[in-house]
There are 2 protein chains.
Amino acid sequence: MDQKVDTRSRILNIAEAAVLEKGFEATSIEEIVAGAEISRGGFFYHFKDKNALARAMLERYIDAENTLYDDLFARARELNDDPLHCMLIGLKLLAEMLEEMPTGHPGCVIASTAYQDRLFDEGVRDLNRQAILGWRKRFRGMFEEIAQVYEPREAVNMDALGDMVSGVVEGGLVLQRALREHNNASEQIMLFRTYLKLLFADKK
Amino acid sequence: MDQKVDTRSRILNIAEAAVLEKGFEATSIEEIVAGAEISRGGFFYHFKDKNALARAMLERYIDAENTLYDDLFARARELNDDPLHCMLIGLKLLAEMLEEMPTGHPGCVIASTAYQDRLFDEGVRDLNRQAILGWRKRFRGMFEEIAQVYEPREAVNMDALGDMVSGVVEGGLVLQRALREHNNASEQIMLFRTYLKLLFADKK
DNA sequence: TCCCGACTGTACTGCGAGTCCAGTTGACCC
DNA sequence: GGGTCAACTGGACTCGCAGTACAGTCGGGA
C-alpha cells in the first residue's frame, strides 16, 4: 500500500514522525532518506533544503489541524445547537481525542517551530503566525456567538480568550512532553471547559 | 564591572541570551566564545560539551524562576492575608512583570528544552521534569489553601489546576514568540486570574 | 522514437562539535 | 624563590551532517 504513496508524501510522513519525536535539528536528512528508501539526491530533488521541508511539514500540519477543528465543531453542532454547549461538546471531543492517542499527542509543530525559529526563514515563521491568528479568529467568533446568548460574568478580552484555546493546548503539550505524562493536555482542556461554564453561566 | 564576573557565568550569560533568541542548536560555540572573549579551549575547560552547558543553563534558569515565584508571592502575602487574594495579587504582579519586559519575556527554557529533548541527556530532561513538578506542588498547595476558605463552584483536579499556572505561562510564551506580539503571556495570566475569581467566588 | 520527470550515485565543499595536547600566566604556598 | 595548580590560550585534528553539482538511469506518455 505504501508504495502507492508518492515519494514527497512519504518523505513528509517519515520526517514528521522523526521531528515530532526528537526535534527538527536532531533529525538528519540521512535518516529521512533511509526511512523513505530513497537516495540523498532524491530528497534534494523534492526539497531544496531542510527549510523547505520544514515549510511543507508546517503547511500540512496546519491544514490537518484546521480540518480537525472543522470536523470536531461541526459534529458538536450536530449534537447541540446552543453555541455554548456546542463549544463545550467540541472541547470534550478534543480532550477525548488527545487522550485516546496511546503515546500521547505527538506534540505541536507550532511550539517546536517557535522555539527554533532562527533555523527557518521568514516564510515559515509567517505560516506559523497566520495559523495562530486563524485559530484566534475562529474561537473568538464562537465566543462572541456565545456572548450573544449568555452574559459573561466577568469582562474578558475576546481575542485573548480565543488565544487561550491555542495557549492551553500548546501549554498542555509542553507539560506533557516535559513530564512524560499522557493526559496533561486533555486535562488542561477540560479545565478550560470548566472556565467557560463558569464564565457563561447566565442566559441573557 | 563585567571583568569581575567569572568566566563560567559570563559564558552562561552570553549563551542564555543567544539560546533564548534563536534556539539551542542555532547557537554555535564559536559565537559564545567570541561573545565571552575566551578561546574554544576555555569553553571546553568549563563545559565538557554543549549538553553540560544546557544543563547548567537550565539549573540556573529554574533557580531564578523559583526565586521569582518565592518573592512574588511573599510580597503578595504581605499585601493581603487571604489566600485567594494573595494568589490573585501574585498573578497580577507576575502579569505586570511579564508586560514590563520591553522586548517581551525571553521565552521559557522549559519549552525550548522539551521540544529539542533528544539533544540532551536524561539528566537535563529530568531537571526539566522536576522543575514542573515543583511548580505543580507549589501552586497545588496554594489552591488547596484557598479551597479551605472558599467553596469551589465546580469540582476541579487540584494537580491539573496547579499545572495550569505553568501551562498558561508556557502556552502564552509560545503564542508570544510565534505571533511576535508582546503581551500574550500576561493577558493569558490575567484570564486565568479571572478563572480563579469565578471558581472561588463563594466563601464557605 | 524521443523527451521528460523522477529519481540514483558519487564526489565534493564547508561548518560546527568535540578531542588532544603542549604551552602560558598569575596566585598562593612553603 | 621555586613548585604547584587552576585557568586558561592556540592550533591541529577527526567526524558527522548540510548542501552543491552533475552525470547517468529508467519508465511512461506524445
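Side chains are part of it too, since the values below use all heavy atoms of this structure and drop only hydrogens, waters and symmetry mates. Throughout, a chain's letter reflects where its sequence line sits, starting with A, and its residues are numbered from 1.
The separation between Ile29(A) atom CD1 and dG19(D) atom C1' is 7 Å, rounded to whole Å. Rounded to whole angstrom, the span from the NZ atom of Lys48(B) across to the P atom of dA17(C) amounts to 15 Å. Regarding Asn51(B), its CG atom lies at a distance of 13 Å from the C1' atom of dA17(C), rounded to whole Å. Atom CG of Asp6(A) and atom C1' of dG5(C) are 13 Å apart (whole Å). The distance between atom CD of Glu31(A) and atom C1' of dG16(D), rounded to the nearest whole Å, is 13 Å. One interatomic measurement links the two molecules: CZ of Phe47(A) to P of dT20(D), which rounds to 15 Å at whole-angstrom precision. Atom CG of Asp49(A) is separated from atom C1' of dA21(D) by 16 Å (rounded to the nearest Å). Between Arg10(B) atom CZ and dA7(D) atom P the separation is 14 Å, expressed in whole Å.
The aromatic rings of Phe192(A) and Tyr195(A) sit perpendicular to each other, their planes meeting at more than 60°, with 30° as the lower class boundary.
A heavy-atom distance below 4.5 Å is found between the side chains of Lys92(A) and Met190(A).
In this view, Phe120(B) and Phe24(B) satisfy the ring-ring contact (aromatic ring centres under 6.0 Å, His included) rule, not counting sequence neighbours.
Nearest to the side-chain atoms of Ser39(A) among the listed nucleotides dC8(D), dA17(C), dT8(C) stands dT8(C). Comparing dT19(C), dG19(D), dT8(C) against the side chain of Lys50(A) picks out dG19(D) as the nearest. With dA18(D), dA17(C), dA6(D) as the choices, the nucleotide that has an atom nearest any side-chain atom of Ser28(A) turns out to be dA18(D).
Distance CG/Leu79(B) to NE2/His85(B): 12.5 Å, rounded to 0.5 Å.
Checking Ser186(A) against Asn183(A) by side-chain atom types alone, no donor-acceptor pair falls below 3.5 Å.
Between Tyr45(B) and the phosphate of dA7(D), there is a side-chain N or O to OP1/OP2 separation shorter than 4.0 Å. For dA6(C), the OP1/OP2 oxygens have no side-chain nitrogen or oxygen of His46(A) closer than 4.0 Å.
Contact annotation: side chain of Arg40(B) to base of dG10(D), donor-acceptor pair absent below 3.5 Å.
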